[in-house]
Amino acid sequence: MIDKAAPVEGSWVMDAVPYVQRDDGVFVGALMPPSPLKPAGSFVVSVEGEILTIPYRIYGPELGAVDLAVLSETQRTLMHCLYTRHHDGRVRQRHLSSIIGEVHPWVAPFVVQLVGEYVLNILMDIRSGLVEVDTPGTQMHAMYGRFGAANPEFIARTRQRVASYWHCYYRNVWTDRKFYPGTTVIDSVRAAARHFQPVGRVAGPTRAAGGHPADGGVTHFPMEASRT
């Protein structure tokens with residue numbers, strides 16, 4: 001259920017951006033138009049040793065052209081990341097297009113979270129934009145590899161969500177799940193992560209929420225009511 005409250009400013013932004021970007025986050029959050037709806041849900045990830053709590057969905061209008069004009073390059077990237085959590089899939093896709101080639105480490109969780117969602121056009125855009133994740137030695141391989149290595153549970157849970165959405169909506173299009181775009185992307189991230197496993201960690205199947213193995217079967221997560 002969406003929690004209705006007094007207009008919500010961008011205070012949640014502080015939990016979703018790294019400390020080094022705090023001033024930029026304050027600036028962007030202050031510009032974001034207020035919403036009468038609180039952000040819905042959240043997910044927690046580690047980025048370069050720092051814990052970020054990112055909302056699952058945000059509501060409210062986007063920034064106007066006048067506000068966009070005053071943002072620095074980094075502030076624009078932060079803003080685009082935040083709007084990939086918007087409840088409207090068209091808004092998510094539009095802002096994704098502006099960050100898919102970025103190699104700031106704090107961009108990774110916003111992109112990977114979209115891999116575990118259901119909008120096929122977004123998945124296709126991510127697959128096209130992350131081709132260098134498969135190439136060791138590239139910045140993109142290193143960024144997503146380090147993120148994946150630091151967040152094995154998040155990656156395992158995302159992979160299970162990919163499997164669930166494939167089973168629900170796309171198994172008649174891709175009869176073999178390994179060719180489904182969401183699967184190819186998350187498996188590319190997992191493969192890159194193996195290059196950055198911390199010393200002492202044994203690579204292998206982790207367990208997602210509910211104790212289900214990350215590498216076997218299909219766990220059926222609750223599907224969202226709307227496919228916007």
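Computed from heavy atoms alone, side chains included, the values below leave out hydrogens, waters and symmetry copies.
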Whether [X] side chain and [Y] backbone form a donor-acceptor pair below 3.5 Å:
| X | Y | answer |
| --- | --- | --- |
| E102 | I99 | no |
| R159 | T183 | no |
| R76 | L68 | yes |
| S188 | V133 | no |

Work out which heavy atom in [X] is nearest to a heavy atom in [Y]; give both atom names and the distance.
| X | Y | answer |
| --- | --- | --- |
| L78 | G25 | CD1-N, 3.9 Å |
| S72 | D24 | OG-OD1, 4.4 Å |
| R177 | A163 | NH1-CB, 3.4 Å |
| Q75 | V70 | OE1-O, 4.0 Å |
| P34 | P61 | O-CD, 4.1 Å |

Just verifying a value: how many Å separate [X] [atom1] and [Y] [atom2], rounded to the nearest 0.5 Å?
| X | Y | atom1 | atom2 | result |
| --- | --- | --- | --- | --- |
| I186 | I155 | CD1 | CD1 | 4.5 Å |
| R92 | L114 | CZ | CG | 7.0 Å |
| C81 | Q113 | SG | CD | 13.0 Å |

Would a 4.5 Å heavy-atom cut-off, applied to side chains only, mark [X] and [Y] as touching?
| X | Y | value |
| --- | --- | --- |
| S42 | I54 | no |
| V111 | Y144 | yes |
| V17 | R22 | no |
| F147 | P109 | yes |

For I51, the other hydrophobic cluster members (4.5 Å side-chain criterion, sorted by chain and number) are V44
Among the clusters formed by ILVMFWY side chains lying less than 4.5 Å apart, do [X] and [Y] turn up in the same one?
| X | Y | value |
| --- | --- | --- |
| L130 | F196 | no |
| I122 | Y169 | yes |
| V173 | Y118 | yes |

Within 45° cone and under 6.0 Å: R85 NZ/CZ vs Y56 ring:
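That pair qualifies as a cation-pi contact.
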Under a plain distance cut-off of 3.5 Å, with no hydrogens placed, do [Y] and [X] share a side-chain donor-acceptor pair?
| X | Y | value |
| --- | --- | --- |
| N151 | S46 | no |
| D125 | Q93 | yes |
| H95 | E62 | yes |

Only residue of E48, E50, Q21 satisfying side chain to side chain donor-acceptor pair (under 3.5 Å) with W106 is Q21
Note to self: Between Y83 and M32, is the side chain to side chain contact (heavy atoms under 4.5 Å, CB included) condition met? List the steps.
What the structure shows: CA-CA 10 Å; Y83 276 110; M32 292 178 74; 3.8 Å; yes
Does this structure show an ion pair linking D187 with R127, if we count only N-O contacts that are shorter than 4.0 Å?
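Between R127 and D187 there is no salt bridge, as every charged N stays at least 4.0 Å from the carboxylate O atoms.
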(message) Quick test of your reading of the model: are R57 and E117 salt-bridged, counting only N-O distances below 4.0 Å?
(response)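 A salt bridge is present here (some side-chain N lies under 4.0 Å from a carboxylate O).
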Given side chain to side chain contact (heavy atoms under 4.5 Å, CB included), test F110 with L96 step by step and report yes or no.
-> CA-CA 9 Å; F110 293 93; L96 168 69; over 6 Å; no
Parallel under 30°, tilted from 30 to 60°, perpendicular over 60°: which one fits the rings of F43 and F154?
-> parallel
>> Please verify the inter-ring angle class for Y170 with W174; under 30° counts as parallel, over 60° as perpendicular, anything in between as tilted.
In response: perpendicular
Subject >> Sub-6.0 Å ring centroid separation between H195 and H141 >> reply: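 Yes, they do, as the ring centres are separated by less than 6.0 Å.
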